[in-house]
Amino acid sequence: MGWSQDCDQKVSREHFLSASVLSQLYGNEVMLQGVPWLASDEKKAFAINSLTANILCRRHNEALAPLDAMAGRFFSAVKWMHDDIFDKKTLSKRRRCSYLVEKN
Ligand SMILES: [Zn+2]
C-alpha cells in the first residue's frame, strides 16, 4: 500500500491470508507444502496464528480489519450451507414452508 503514500510509520504483523477465512476452512492450523521455508517435499502443520509477517503498516492493517471480519462471516455462511446440504437430518432436507398450502 506504499503507493498510496498514506502509510503509518509503524508496521504491524499481518496474516498472509485472512486468518478468519483460514480458520473457517481449516480450524486452528493448516498443513503447508511448497512454501519457501520448507524443503520442496516437506509438509508441515502450522498454527494459523503463527502465519504472519510484516506486510502492512498499522493504519492499513486496521483499515482492512472490517473487510477481513466480513470475509470470515461470508465463509462461515458458505461453510454452514455446505455442511447443511450434506447433512440429511437438517431442516433444509425437509419440505420447506409446509404450513403454506395452495388456495382452492
Ligand atoms: Zn500502509
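All of these numbers come straight from a predicted model, not from anything done at the bench. For ligands, and for the atoms within them, numbers begin at 1 and follow the listed sequence. The figures that follow rest on heavy atoms only: side chains count, while hydrogens, waters and symmetry mates do not. Just so you know, residue 1 is the first one in the sequence shown, and it goes up from there.
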Just distance, no hydrogens or angles: give the donor-acceptor pairs under 3.5 Å from side chains in residues 27-35, sequence neighbours left out.
none

Sequence neighbours excluded and cut-off under 3.5 Å, please list the side-chain donor-acceptor pairs for residues 37-47, or say none.
{"from": "Glu42", "atom 1": "OE1", "to": "Ala39", "atom 2": "N", "distance (Å)": "3.2"}

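- Other residues, nucleotides and ligands place more than 12 heavy atoms under 6.0 Å from the CZ atom of Phe16.
- Distances under 2.8 Å from the Zn ion (ligand 1) pick out the protein N/O/S atoms Cys7 SG, Cys57 SG, His60 ND1.
- Between atom CE of residue Met70 and atom OG of residue Ser18 there is a gap of 12.0 Å, rounded to the nearest 0.5 Å.
- Side-chain atoms of Ile48 and His15, non-hydrogen and from C-beta on, do get closer than 4.5 Å to each other.
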Show the atom names and distances, to 0.1 Å, of all donor-acceptor pairs under 3.5 Å that link a side chain in residues 55-65 to residues at least two apart or in another chain.
{"from": "Arg58", "atom 1": "NE", "to": "Asp8", "atom 2": "OD2", "distance (Å)": "3.2"}
{"from": "Arg58", "atom 1": "NH2", "to": "Asp8", "atom 2": "OD2", "distance (Å)": "3.2"}
{"from": "Arg59", "atom 1": "NE", "to": "Asp6", "atom 2": "O", "distance (Å)": "2.7"}
{"from": "Arg59", "atom 1": "NE", "to": "Asp6", "atom 2": "OD2", "distance (Å)": "3.4"}
{"from": "Arg59", "atom 1": "NH2", "to": "Asp6", "atom 2": "OD2", "distance (Å)": "2.2"}
{"from": "Asn61", "atom 1": "ND2", "to": "Ser12", "atom 2": "OG", "distance (Å)": "2.8"}
{"from": "Asn61", "atom 1": "ND2", "to": "Arg13", "atom 2": "O", "distance (Å)": "3.3"}
{"from": "Asn61", "atom 1": "ND2", "to": "Glu14", "atom 2": "OE1", "distance (Å)": "3.1"}

